[in-house]
Amino acid sequence: MAILKPEFYERDTVLVARELLGKIFVRKLKGEVLSGRIVEVEAYHQIGDEAAHSCRGRTGRNEVMFRRGGHLYVYFTYGMHFCMNAVTEGEGTGAAVLIRAIEPLKGIETMRRLRGTKIPDRDLTRGPARSCQAFGIAREENGLLLDGNVVGILDADPLPDARIGVSCRVGIKRSRELPWRFFDSESDWVSKGKPSA
DNA sequence: CAGTCGATGTACT
DNA sequence: GTACATCGACTGG
């Protein structure tokens, strides 16, 4: 399967979020390929979404979120964690899809090493900050293109609609009512985070 | 199993 | 100061 091109990301953010389920996130780290299946995502948008980092306009922190679709937006939060997003829509829009959980496929030994030995395999990637740590995603990866050079997402068969779970987003207070979290309802790797509404 | 709570840096009021 | 797109250790049942 091929790496998803910018045209995939430059569409409606909620649509892109749904279609990212089942696709394969790949990350090259020191010559090794880490990969996994995306099983949980959330959409964020500057317009009508008070929870998005972009909701009050462009700043130094969220600058990448305003680039054209197909970039990787990584941010630091809670003093110790990173989360990663795929930027969507066109230049200047300020929208992205948060990758909340991934089912590990390749490079599990490396993920175990990056996450720490006492972590059960089940918790390697079950959550946005855990996924970043398992794939070695941090500040240096912010702003990279998802072109497969260092990071990228491989196309795969779409999930049937009946298999896609929908809920409100996790860990936010503003715009909590938006049903913009999507997950593979048959996956054991979806995070345990509780929707905020 | 569920609930609570501290850690810890950055952005923003 | 305060909030934060979280996690892991700890508690009690």
Side-chain angles (χ1 to χ4, degrees), chain A residues 9 12-14 16-18 20-21 25 36 38-67 69 71-89 93-104 111-144 146 151 153 165-184 188-197:
Chain A
Y9 302 96
D12 176 77
T13 302
V14 170
V16 173
R18 290 178 69 98
L20 276 175
L21 292 177
F25 180 77
I38 298 171
V39 297
E40 180 181 353
V41 297
E42 284 176 2
Y44 287 86
H45 202 290
Q46 182 187 20
I47 308 298
D49 177 11
E50 290 284 317
H53 290 166
S54 54
C55 72
R56 294 180 194 280
R58 201 187 278 240
T59 67
R61 175 208 209 186
N62 65 25
E63 176 268 324
V64 170
M65 206 170 160
F66 285 87
R67 296 189 195 172
H71 288 267
L72 188 72
Y73 169 49
V74 181
Y75 68 88
F76 183 69
T77 191
Y78 289 108
M80 61 186 82
H81 297 301
F82 293 96
C83 296
M84 61 172 154
N85 302 250
V87 176
T88 58
E89 308 205 25
T93 305
V97 175
L98 171 69
I99 297 176
R100 284 196 56 89
I102 297 174
E103 176 184 330
M111 295 185 196
R112 288 191 186 116
R113 181 168 53 75
L114 289 170
R115 291 277 291 127
T117 49
K118 291 178 298 197
I119 304 293
D121 279 3
R122 191 188 181 77
D123 289 338
L124 282 176
T125 53
R126 196 167 49 144
R130 290 165 169 173
S131 295
C132 275
Q133 196 178 5
F135 280 83
I137 302 293
R139 277 194 186 80
E140 302 78 53
E141 286 69 37
N142 185 35
L144 292 179
L146 289 163
V151 289
I153 300 177
V166 181
S167 83
C168 296
R169 295 170 294 180
V170 171
I172 58 163
K173 291 184 176 149
R174 298 178 298 176
S175 294
R176 64 170 69 200
E177 70 284 357
L178 294 176
W180 281 3
R181 169 175 177 252
F182 305 98
F183 55 96
D184 178 352
D188 291 330
W189 295 86
V190 171
S191 83
K192 284 288 176 9
K194 224 166 116 186
S196 49

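The sequence lines fix the lettering, A, B, ..., with proteins before strands; numbering per chain opens at 1. Below, all heavy atoms of this structure are taken into account, side chains as well, without hydrogens, waters or symmetry copies.
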(request) Consider the side chain of A:Arg139, meaning its heavy atoms from C-beta on, and name the nucleotide among C:dA5, B:dT10, C:dG8 that approaches it most closely. (result) B:dT10

(message) Ring centres within less than 5.5 Å and planes less than 30° apart: is that true of A:Tyr78 and B:dG9 in this structure?
(response) no

(message) With a 4.0 Å limit, can you tell me whether A:Lys173 has a side-chain N or O closer than that to the phosphate oxygens OP1/OP2 of C:dC4?
(response) yes

(request) Test A:Ile153 against A:Tyr9 for side chain to side chain contact (heavy atoms under 4.5 Å, CB included), laying out the working first. (result) CA-CA 11 Å; A:Ile153 300 177; A:Tyr9 302 96; 3.5 Å; yes

(request) Whenever both distances are under 3.5 Å in a Watson-Crick or G-U wobble pair, mark it; put DNA chain C into dot-bracket that way, with [ ] for crossing pairs and | when the partner is on another strand. (result) ||||.|||||||.

(request) From the options C:dA5, C:dC7, C:dG8, select the nucleotide whose nearest atom is closest to the side chain of A:Ala129. (result) C:dC7

(message) Which heavy atom of A:Gly94 sits nearest to which heavy atom of A:Ser54, and what is that distance?
(response) O-OG, 2.7 Å

(message) Rounded to whole Å, how long is the line connecting atom CZ of A:Phe76 with atom P of C:dA3?
(response) 19 Å

(message) So does A:Glu50 get a backbone contact from the side chain of A:Ser175, meaning a donor-acceptor N/O pair under 3.5 Å?
(response) yes

(request) Look up atom CE in A:Met80 and atom CD in A:Gln133, then write down how far apart they are to the nearest 0.5 Å. (result) 11.5 Å

(message) Below 30° counts as parallel, above 60° as perpendicular, anything between as tilted: where do the rings of A:Phe82 and A:Phe76 land?
(response) tilted

(message) Counting only side-chain nitrogens and oxygens, does A:Arg61 get under 4.0 Å of the OP1 or OP2 atom of C:dC4?
(response) no

(message) Whole angstroms only, please: what is the NZ-P distance between A:Lys194 and B:dA2?
(response) 9 Å

(message) Test your reading of the model: is there a side-chain donor-acceptor pair from A:Arg130 to the backbone of A:Arg126, 3.5 Å cut-off?
(response) yes

(message) Using whole Å, what does the distance between atom P of nucleotide C:dG8 and atom CG of A:Asp123 come to?
(response) 7 Å

(message) Need to verify one output field. Residue with the more 5' nearest nucleotide on DNA chain C, A:Val170 or A:Lys118?
(response) A:Val170

(request) Please check the phosphate of C:dC4 (OP1 and OP2 only) for any side-chain N or O of A:Arg169 closer than 4.0 Å. (result) no

(message) For DNA chain B, which residues of residues 80-89 of chain A approach it to below 4.0 angstrom with any heavy atom?
(response) A:Met80

(request) Grab the CD1-P distance between A:Ile172 and C:dT6 for me, whole Å please. (result) 9 Å

(message) What I want to check is whether the side chains of A:Glu89 and A:Thr13 have a donor and an acceptor closer together than 3.5 Å.
(response) yes

(request) Would you mind reading off the distance between A:Glu50 atom CD and B:dT13 atom P, rounded to a whole angstrom? (result) 12 Å

(message) Would the distance check show the side chain of A:Asn62 and the main-chain N or O of A:Gly57 forming a donor-acceptor pair, the cut-off being under 3.5 Å?
(response) yes

(message) If you compare all heavy atoms of A:Asp49 against all heavy atoms of A:Tyr44, which two are closest, and at what distance to 0.1 Å?
(response) OD2-CA, 3.4 Å

(request) Would you mind classifying the nucleic acid contact of A:Arg115 as base, sugar-phosphate or nothing, using non-hydrogen atoms under 4.0 angstrom? (result) sugar-phosphate

(request) May I ask you to establish whether A:Arg67 and A:Tyr73 are in a cation-pi arrangement, using a distance under 6.0 Å from NZ or CZ to the six-membered ring centre and at most 45° from the ring axis? (result) no

(message) Heavy atoms from C-beta onward define the side chain here; which of C:dT6, C:dG8, C:dA5 lies closest to that of A:His53?
(response) C:dA5

(message) Does a side-chain N or O of A:Arg130 approach OP1 or OP2 of C:dG8 to a distance below 4.0 Å, or not?
(response) yes

(request) Just compare C:dC7, C:dA5, B:dT13 and give me whichever is closest to any side-chain atom of A:Arg56. (result) B:dT13

(message) If I take atom CD1 in residue A:Ile137 and atom P in nucleotide C:dT6, what distance separates them, rounded to the nearest angstrom?
(response) 18 Å

(request) Considering just the side-chain nitrogens and oxygens of A:Arg174, establish if one lies under 4.0 Å of OP1 or OP2 belonging to C:dA5. (result) no

(request) Rounded off to whole Å, could you give me the CZ-to-C1' distance for the A:Phe182 and C:dA5 pair? (result) 15 Å

(message) For a quick test of reading the model, state the closest non-hydrogen atom pair linking A:Val87 to A:Val64 and the distance between them.
(response) CG2-O, 3.5 Å

(request) Grab the CD-P distance between A:Glu63 and B:dA11 for me, whole Å please. (result) 13 Å

(request) Return no unless some side-chain N or O of A:Thr59 is found under 4.0 Å from OP1 or OP2 of B:dC12. (result) yes

